[in-house]
Amino acid sequence: MNSQAGNRAMVLGGSMAGLLAAKVLADAFAEVVIVDRDKLVGVTTARRGVPQGRHVHGLLARGQQILDELFPGFAAEAIDTDIPTADLGQLRWFFNGLRLRPASTGLVCVSADRPVLESHVRARVAALPNVSFAEEYDIIGLATESGGRRVTGARVQRRSAGSTEQTLKADLVIDATGRGSRTPAWLETLGYARPAEERIKIDLTYTTRHYRLPDESILNGDMSINPVSTPSHHRGAFFSRVQDGRSILSLTGVLGDAAPTDPDGFLDWVRSLPVPDVYEVIKDAEPLDDPVSFHYPASVRRRYDQLEEFPEGLLVLGDGACSFNPVYGQGMTVAAQEALVLRGHLRQGMLEPLVFLKDIAGVIEVPWQISAGGDLAFPEVEGPRPPEVQMMNAYMALLQSAATRDGMVTRTFMRVAGLVDPPTELMSPETIYRVLKNGTPPRPGSAVPASAGAVR
Ligand SMILES: Cc1cc2nc3c(=O)[nH]c(=O)nc-3n(C[C@H](O)[C@H](O)[C@H](O)COP(=O)(O)OP(=O)(O)OC[C@H]3O[C@@H](n4cnc5c(N)ncnc54)[C@H](O)[C@@H]3O)c2cc1C
């Protein structure tokens, strides 16, 4: 272990972003403490601090690659523990009611319930000798010195009767408390500017139920069936086999539409999807729980990279820095990419917060273009639509149409949406040729075309 970076690092929030940050911090600090309001160690079911964990969580291919890099043998371990995996391009994808032609992408899609995936990551982190968990502590605020110029720890309080506030000291504090991160408010209290926020309002609701299929052969060997919400077909769904012979179905309603949580209403909504495939699979399946819903009002990108001042000893990452429309399946993968940025900074012995925040903005940029740009293909979504966004969305509609006929286009699309290849691959001469040859332009007067993304 290289302990040069400092004695103790503290990670606020022990979800995916916090765990991945802790993993790379453990190589540079003598001690890493993860603080969370929930009980974490050994938990394999949904927990209060991560309510989105009840809903489908696809791990993008790039995220899977990084998990395998940080935790060697991660995918193999998943397979050993009965977590289904498949080639990303072989899943049953539908855009605008049409199935994408299956293709080999060479990318593994790991399909576990979110709490199970997190528990595998957490077990690897918990096995590190210098990482410990301060569980069931509320994070109340930062501890600072030098008039707020330097963060020296966090003020926390145990969630038990009679406990009082205490200060945990650290050389570095990482805020990984998610979308509800209070760093903007903390900055303001310390006399700094708050980061500007970019918001794309999508008014999305996930409604989710688990099933056991009487006979999995009804899936014809497919791991997942995903009719994706698009501007012309608003209702979408993600159906996946997960661990332990269970399946999960998340219905996605946008722009205020939401699948009901009563069983009959839920089933009716499934019937209203643009393709019958999901209904056919679940209509005779055994429901394992009641439907639950989660409302996601808007994607939010906090522009920490544009700040001119930031306290020493504090970093922010994960959903606290950028929360993406979840249908694009990007959040955990971006958190993993940010962990690699952190590792790079630690290896260079450089922990300059503003430089780090600018560097993770570089990681955030492409997935934000995919998801925020993609949402702007819905005419009802408010936001600026510069010519490049309009052009990209028109091109993506053509590309998705071409992918229903040409597996090479599916392959290129999946590799870009999986954050493995850069978006420039979509515009390579060969891809443009295939798109123009096989794509059908949207009819004049028909709905604004679907855009990139919504692929995990
Ligand atoms: C419906 C939905 C579906 C999604 N689907 C996908 C998907 O398919 N693929 C994907 O990659 N991502 C998906 N995401 C995003 C994904 O959930 C997050 O990107 C991911 O969990 C990383 O977030 P995080 O670790 O930054 O924060 P979170 O996961 O929100 O975790 C924050 C942690 O901080 C703790 N915490 C917060 N405040 C305090 C406090 N004051 N005191 C103590 N503890 C605190 C919480 O208990 C929690 O453990 C989805 C999100 C939603 C809403």
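Counting convention: from 1, in listed order, for ligands and their atoms alike.
When the heavy-atom distances from atom 27 (O) of ligand 1 to C322, G178, P326 are ranked, the shortest goes to G178. Between the choices I140, T177, L19, V327, the shortest heavy-atom distance to atom 32 (C) of ligand 1 belongs to T177. Nearest-residue assignment for atom 21 (O) of ligand 1 (options R114, M16, M332; heavy-atom criterion): R114. Residue D36 holds the heavy atom nearest to atom 47 (O) of ligand 1 of all those in D38, D36, L60.
Not one N or O of L317 is nearer than 3.5 Å to an N or O of ligand 1, by distance alone. Looking at ligand 1, you won't find any N or O of R179 less than 3.5 Å from one of its N or O atoms. Taking any N or O of G318, backbone or side chain, none lies under 3.5 Å from an N or O belonging to ligand 1. Of the polar atoms of R37, at least one N or O is found under 3.5 Å from an N or O of ligand 1, judged by distance alone. Residue A17 has at least one nitrogen or oxygen atom sitting less than 3.5 Å from a nitrogen or oxygen atom of ligand 1, judged on distance alone. Looking at S15 next to ligand 1, an N or O pair under 3.5 Å apart turns up.
We find that R54 and D113 are not joined by a salt bridge, their nearest charged nitrogen and carboxylate oxygen being 4.0 Å or further apart.
The main-chain N or O of T410 is never found under 3.5 Å from a side-chain atom of R101 such that the two would form a donor-acceptor pair. Between the E197 side chain and the R301 main chain, no donor and acceptor come within less than 3.5 Å of each other. A donor-acceptor distance shorter than 3.5 angstrom exists from the side chain of R92 to the backbone of L219, with no hydrogens or angles considered.
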Please step through side chain to side chain donor-acceptor pair (under 3.5 Å) for the pair Y304 and R194, ending with a clear verdict. CA-CA 8 Å; Y304 285 107; R194 292 173 79 110; over 6 Å; no
List the steps, then state whether side chain to side chain donor-acceptor pair (under 3.5 Å) holds for D375 with Y328. CA-CA 10 Å; D375 284 355; Y328 300 87; 2.8 Å; yes
What do the steps show when you test F324 against I364 for side-chain contact (heavy atoms from CB on, under 4.5 Å), and what is the final call? CA-CA 9 Å; F324 303 90; I364 290 166; 4.0 Å; yes
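Note on ligand 1: A335 sits outside its first shell, no heavy atom being nearer than 4.0 Å.
Less than 4.0 angstrom separates some heavy atom of Y137 from each of these atoms of ligand 1: 42 (N), 43 (C). Atoms of ligand 1 found under 4.0 Å from any heavy atom of V56 (numbered from 1 in listed order, with element): 3 (C), 5 (N), 8 (O). Near G331, meaning under 4.0 Å from one of its heavy atoms, ligand 1 places the atoms 10 (C), 11 (O), 12 (N), 19 (O). Residue contact check: D138 has heavy atoms under 4.0 Å from atoms 42 (N) of ligand 1.
Taking the ring centroids of F413 and F95, they lie under the 6.0 Å cut-off.
Contact annotation: for A176 versus ligand 1, heavy atoms closer than 4.0 Å belong to the backbone alone. Under 4.0 angstrom from ligand 1, the non-hydrogen atoms of V50 all belong to its side chain. Only the side chain of R47 comes within contact range of ligand 1, with a heavy atom under 4.0 Å; no backbone atom does.
Side-chain contact annotation: R411 with T105, donor-acceptor N/O pair under 3.5 Å absent. Side-chain contact of D171 with N7: a donor-acceptor pair under 3.5 Å is absent, judged by distance alone.
Annotation: side chain of I83 is in contact with side chain of V116 (closest heavy-atom distance under 4.5 Å).
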